[in-house]
Each structure stands twice: as structure tokens, then as C-alpha cells.
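The structure under discussion appears below in the form of C-alpha cells.
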Amino acid sequence: MLWSLLFLVTAIHAELCRPDAENAFKVRLSIRSALGDKAYVWGTDEEYLFKAMVAFAMRKVPNRETTEISHVLLCNITQRVSFWFVVTDPSKNHTLPAAEVQSAIRMNRNRINNAFFLDDNTLEFLKIPSTLAPPTDPAVPVWIIVFGVIFCIVIVAIALLVLSGIRQRRRNSRRSPGVEDAEDKCENIITIENSIPCDPLDTKGGHINDGFSAEDERLTPL
């Protein structure tokens with residue numbers, strides 16, 4: 001009688017947990033790739049721990065607080081290591097909906113990973129998307145970074161303006177002696193009128209032509 005009951009339970013479990021069964025999930029572990037020389041051998045103890053972690057996750061789901069380790073079934077376990085699992089509801093003799101199991105695993109993914117010293121890439125739930133890591137706060141506030149960039153741009157612009165002014169002054173200083181020499185040459189030019197050299201009028205110095213001064217003094221009344 002006992003053997004018949006055990007055979008019946010085994011047959012029921014085999015029917016509920018099988019590859020591609022309804023509400024079943026495949027798990028694949030890469031222990032050697034993750035831990036190298038510190039890799040452990042997957043055995044019955046690790047299987048028990050996995051069932052316990054899944055049961056723990058299911059207890060976080062509303063109306064699933066009574067989930068036990070025995071409600072988690074594993075099947076098709078390979079040495080690589082991979083296997084399938086389902087979570088059952090013994091009162092109704094069927095598996096729990098995949099959406100509930102998926103939600104529970106996603107909410108507790110980090111706890112499950114840490115239990116086996118693995119991560120989302122080395123402990124894969126093939127039908128359950130990996131959870132996103134929480135955003136990390138930058139060590140330096142964003143406004144300080146923006147202020148630093150704007151400040152650097154202003155400093156560079158000021159430096160360019162100063163250098164441009166210095167270059168312009170140097171160009172002007174180089175050009176001014178040539179201009180003065182040209183003016184001096186123009187002033188020293190002697191004009192020739194009627195084959196008689198005449199000094200040009202020096203308007204800058206206020207010189208007066210002597211030819212007109214004598215006539216003015218002669219006509220000026222006493």
C-alpha cells in the first residue's frame with residue numbers, strides 16, 4: 001500500500017514537473033565560470049537550498065504565505081547544471097500560475113543569487129527577465145559638473161580674448177614706425193616751382209611764408 005502511494009505521488013509530480021510543462025521554468029547555472037577553483041559541486045543540498053529560496057520568494061506573494069519547500073518540484077536535472085522547476089498548490093493538485101512565480105522570483109532575485117554566490121548571468125531563469133540594478137548615485141553632484149564645464153568655457157574664452165588683444169597690439173607696434181617714417185619723408189620733400197626750390201609750408205609747426213609777411217607789414221597802417 002505504501003509503495004502504491006509513493007508511486008502515485010511520483011507519477012503526479014512527473015506529470016506536473018516536466019520540460020515545457022505549463023507554469024514550468026528552466027534554470028541554468030554556470031558555477032565553474034563564476035567561481036573558478038572555488039566552484040562547488042551541485043548536489044542534493046544545493047537542490048534543497050534552491051527549493052527553500054523559491055519557497056521563501058513565494059511567501060512574499062499575497063495569499064501564498066503557506067508555501068512550503070515540498071511544494072517546489074525539480075525535474076530533469078543535468079550535470080552541467082540545469083533543471084526545470086514548478087511550484088505546486090497541494091490543495092488543488094496543480095501548479096501555481098507562471099505570472100505569480102515570475103513576480104516572486106523577480107522581487108527576490110538578489111537574495112537567490114547571493115545564496116549561491118552567483119549573479120543574473122550565471123544563475124539564469126530562462127523565462128524570467130533579469131532584474132535591473134538600482135541606479136547608482138554619482139559621487140559628484142550633477143550641478144557641480146555642469147558648473148565646472150561652464151566655468152572652464154568662460155576661462156578659455158577670456159584667455160582667447162586676452163591673447164587676441166596682445167597680438168593686435170604687437171601688430172600695431174610693428175606698423176607704426178613705418179608710418180612715421182613715411183610722414184617724415186613727405187615733410188622733407190622740397191617742392192620746385194618755376195625752377196626755384198621752395199620749402200613747403202609747415203602747417204604743423206605754424207611757419208609762415210616770408211614772401212607774404214613783408215607785404216602785410218608794408219600795407220598795415222600805423
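Val27 and Ile77 fall within the same hydrophobic cluster, defined by Ile, Leu, Val, Met, Phe, Trp and Tyr side-chain heavy atoms under 4.5 Å apart, directly or through other members. Linking ILVMFWY residues whenever their side-chain heavy atoms come closer than 4.5 Å, directly or via other members, places Trp143 and Ile145 in the same cluster.
Ser82 places no side-chain N or O within 3.5 Å of a backbone atom of Thr78 that could act as its donor or acceptor partner. Between the side chain of Arg106 and the backbone N or O of Pro129 there is at least one donor-acceptor pair closer than 3.5 Å. Without hydrogens or angle criteria, Thr88 side chain to His71 main chain gives a donor-acceptor distance under 3.5 Å. Proximity of a side-chain donor or acceptor of Ser173 to a complementary backbone N or O of Arg170 within less than 3.5 Å is detected. In this structure a side-chain-to-backbone donor-acceptor pair under 3.5 Å is missing from Asn108 to Arg111.
Of all non-hydrogen atoms in Val86 and Asn23, the two that sit nearest each other are CG1-O, 3.7 Å. Across every non-hydrogen atom of Trp84 and Arg18, the tightest pair is CE3-O, 4.4 Å. Trp42 approaches Glu47 most closely through the heavy-atom pair NE1-CG, 3.4 Å.
Taken from CD1 in Ile158 to CG in Leu163, the straight-line distance is 12.0 Å, to the nearest 0.5 Å. Distance check, rounded to the nearest 0.5 Å: NZ of Lys26 to CZ of Phe125 gives 13.5 Å. Separation of atoms CG (Leu35) and CZ (Phe117) is listed at 8.0 Å; rounding is to 0.5 Å. Atom-to-atom distance recorded for Tyr40:OH and Arg32:CZ is 11.5 Å, nearest 0.5 angstrom. Taking SG from Cys17 and CG from Asn76, the interatomic distance works out to 7.0 Å, rounded to the nearest 0.5 Å. Here the straight-line distance linking atom CG of Asn113 with atom OG1 of Thr122 works out to 7.0 Å at 0.5 Å rounding.
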Let's go through Leu29 and Phe83 carefully: what are the C-alpha distance in whole Å and the side-chain angles of both, what is the deciding distance for side-chain contact (heavy atoms from CB on, under 4.5 Å) to 0.1 Å, and is it a yes or a no? CA-CA 9 Å; Leu29 297 91; Phe83 54 86; 3.6 Å; yes
side-chain contact (heavy atoms from CB on, under 4.5 Å) for Ser164 and Gln168? Distances and angles first, verdict last. CA-CA 6 Å; Ser164 177; Gln168 189 65 30; 5.7 Å; no
Run the side-chain contact (heavy atoms from CB on, under 4.5 Å) check on Ile112 and Leu123 step by step: do they pass? CA-CA 9 Å; Ile112 298 174; Leu123 176 55; 3.8 Å; yes
Output a table of donor-acceptor pairs, distance under 3.5 Å, between side-chain atoms of residues 48-64 and any protein atom two or more places apart or on a different chain; print 'none' if there are none.
residue: Arg59; atom: NE; partner: Thr67; partner atom: O; Å: 3.0
residue: Arg59; atom: NH1; partner: Glu65; partner atom: O; Å: 3.0
residue: Arg59; atom: NH2; partner: Thr67; partner atom: O; Å: 3.2
residue: Arg59; atom: NH2; partner: Glu68; partner atom: OE2; Å: 3.2
residue: Arg64; atom: NE; partner: Glu100; partner atom: OE1; Å: 2.8
residue: Arg64; atom: NH2; partner: Glu100; partner atom: OE1; Å: 3.3
residue: Arg64; atom: NH2; partner: Glu100; partner atom: OE2; Å: 3.4

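Val101 is listed as a side-chain neighbour of Phe85, based on a closest heavy-atom distance under 4.5 Å.
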